[in-house]
Amino acid sequence: MASSEEVFKHMQISELHQTLASDTHVVVDIRDPASFQSGHIPNAIHLSNDSLAEFLRTADFDAPVVVCCYHGISSQQAAQFLISQDFTEVYSLDGGFTDWQLQHPDTVAR
């Protein structure tokens, strides 16, 4: 079990954009299904209450995970939850999908 001192980190949009090419980070999107369907970060996994158990069952707990929400607020709680589930490297995406879409509109996957 993770200690209470272990916390998630923050990631900037520019950092994530650079790491996507290396395919080393898992991006999980916690927005509602309709928002995810209308646009998301390339290769993001939609994570909801319905898909969480399966994600936890099949995830690589040592792979870096980046949590994305709308504006980078809700993702902080979700990132801390993943830390509590023994993920070793978890990030909350500052600015969320809203900022991603503004900075990289050509990369939005549908």
Kindly state each residue pair satisfying salt bridge (charged side-chain N to carboxylate O under 4.0 Å, His left out) with at least one member in residues 31-40, sequence neighbours excluded. D29-R31

Which atom pairs, donor and acceptor, lie under 3.5 Å between side-chain atoms of residues 7-16 and protein residues at least two apart or in another chain?
| from | atom 1 | to | atom 2 | distance (Å) |
| --- | --- | --- | --- | --- |
| H10 | ND1 | D94 | OD1 | 2.7 |
| Q12 | NE2 | D94 | OD2 | 2.8 |
| E15 | OE2 | Q12 | N | 2.9 |

What residues, two or more places apart in sequence or in another chain, satisfy side-chain hydrogen bond (donor to acceptor under 3.5 Å, both in side chains) together with E89? Y91

Of all pairs that satisfy salt bridge (charged side-chain N to carboxylate O under 4.0 Å, His left out), the ones with a partner from residues 40-52, not counting sequence neighbours: none

Cluster link V26 to I41, ILVMFWY, side chain under 4.5 Å: no

Side-chain heavy atoms under 4.5 angstrom apart, residues restricted to Ile, Leu, Val, Met, Phe, Trp, Tyr: same cluster for V66 and I45? no

Membership question, hydrophobic clusters at under 4.5 Å side-chain separation (ILVMFWY): are V90 and I30 in the same one? yes

Path from I83 to L47 over hydrophobic side-chain contacts below 4.5 Å: yes

Can you give me the closest heavy-atom contact between C69 and S75, atom names plus distance? SG-N, 3.3 Å

Among residues at least two apart in sequence or on other chains, which ones pass side-chain contact (heavy atoms from CB on, under 4.5 Å) with P42? L20, W100, T107

Show me the pairs that pass ring pair (Phe, Tyr, Trp, His ring centres under 6.0 Å) and involve residues 61-81, at least two apart or across chains. F61-F87

Could you note down all residue pairs passing salt bridge (charged side-chain N to carboxylate O under 4.0 Å, His left out) where residues 97-110 supplies at least one of them, sequence neighbours left out? none

CG/D86 to CG/D62 distance, rounded to the nearest 0.5 angstrom? 10.0 Å

What residues, two or more places apart in sequence or in another chain, satisfy side-chain contact (heavy atoms from CB on, under 4.5 Å) together with S38? none

Quick check: is V65 connected to L52 through a chain of hydrophobic side chains (ILVMFWY, heavy atoms under 4.5 Å apart)? yes

So the ring pair (Phe, Tyr, Trp, His ring centres under 6.0 Å) pairs with at least one residue in residues 29-48 (sequence neighbours excluded) are F36-H40, F36-H46

Can you pull out every side-chain hydrogen bond (donor to acceptor under 3.5 Å, both in side chains) where at least one residue sits in residues 52-61? Sequence neighbours excluded, please. E54-R57

For atom CD of Q103, is the number of surrounding heavy atoms from other residues, nucleotides or ligands below 6.0 Å larger than 12? yes

